[in-house]
Amino acid sequence: MESKQAQSRFIVLLGAPGAGKGTQAAYLEEVLGIPHVSSGDLFRENLRNETGLGKLARSYMDKGELVPDEVTIAMVKERLARPDCAGGAVLDGFPRTIAQAQALDEILAETGRRVGIVPYIKVPDDVLLARLAGRWTCRQCEAVYHELFNPPKIAGKCDVCGGELYQRADDTPETQRRRIEVYFQQTTPLIEYYRDRGLLVEIDGAQSIERVQADLLAAIQSGSQS
Ligand code: ADP
Ligand code: AMP
């Protein structure tokens, strides 16, 4: 039987767009040695490769709407079936609806696994907008920066891989507002879904990146020992 510690290594990061999920997931990937699985990154990879899925996803992403559950679930299921996810993953941006959360439970249960902990990174709305407005992302490795709060060492260049930084097409003020609205309508019910299952841990996301990292790691470590 799988140990509680191994089960706990399926970590679902919850939080609004701009809360810092991607930033923290990259850190957790490094310290815990489990892959960062971001549904947004998977869609952007499909956009870059001009796949059919990418073309479909673009029409929703550009408007700040959610891509339909069926295609999103199939894409993430395929990703979680790859060998590097056998021992866990840090999920960022998925699930975003109750149907996706139920599908995730089923996908993991098929192989005797389950979600171990759900850190909910809480950030006030006005802070979210300031974060999204200054976000720069690496075209090659998807590392995330902020022009004021977390600038790269060399402007316009990724510290990790030297790739070119760009501002996401869906980081315009109008789309940002819509994404935050969609989050409140469709994703916030997940807070209760996971609270009811005893998996939710609230993290104060309005602190510095380093403080959020420390709080997250402490929550994950104490969750895996209980
Ligand atoms: P999400 O994945 O939740 O949408 P990101 O990780 O992309 O959020 O972060 C959004 C923006 O906010 C990025 O520009 C990132 O550098 C910045 N950021 C993330 N966490 C913090 C923090 N604790 N303090 C200040 N800025 C942050
Ligand atoms: P993100 O990178 O998480 O900010 O996601 C960018 C966009 O990709 C979202 O605004 C959605 O259009 C789409 N997307 C990402 N994850 C999901 C998901 N789990 N369900 C539906 N759409 C998603």
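Heavy atoms only: backbone and side chains are in, while hydrogens, waters and symmetry mates are out. We count residues from 1, following the sequence as given.
- Using a 3.5 Å distance cut-off with no hydrogens or angles, the side chains of Thr175 and Asp170 do not pair a donor with an acceptor.
- Ile98 and Phe184 fall within a single hydrophobic cluster, where Ile, Leu, Val, Met, Phe, Trp and Tyr are joined by side-chain heavy atoms under 4.5 Å apart, directly or via other members.
- Looking only at distances, a side-chain donor or acceptor of Gln207 sits under 3.5 Å from a matching main-chain atom of Asp204.
- Follow the hydrophobic side-chain contacts under 4.5 Å out from Leu128 and you never reach Val144; the two are in separate clusters.
- Both Val71 and Leu47 are part of a single hydrophobic cluster, where members link through side-chain heavy atoms under 4.5 Å apart.
- How far CZ of Arg96 is from CG of Leu91: 12.0 Å, rounded to the nearest 0.5 Å.
- Heavy atoms of other residues, nucleotides or ligands lying less than 6.0 angstrom from CZ of Arg211 number 12 at most.
- Under the 4.5 Å side-chain heavy-atom criterion for grouping Ile, Leu, Val, Met, Phe, Trp and Tyr, Met61 is not connected to Trp136 through any hydrophobic cluster.
- A cation-pi arrangement is found for Arg197 relative to Tyr193, the charged atom lying closer than 6.0 Å to the ring centre and inside a 45° cone about the ring normal.
- Between Glu142 and Arg48, at least one side-chain N (NZ, or NE/NH1/NH2) sits under 4.0 Å from a carboxylate O, which counts as a salt bridge.
- Both Ile107 and Leu53 are assigned to one and the same hydrophobic cluster, defined by single-linkage of ILVMFWY side chains at heavy-atom distances under 4.5 Å.
- The side-chain heavy atoms of Tyr27 and Leu217, taken from C-beta on, include a pair separated by under 4.5 Å.
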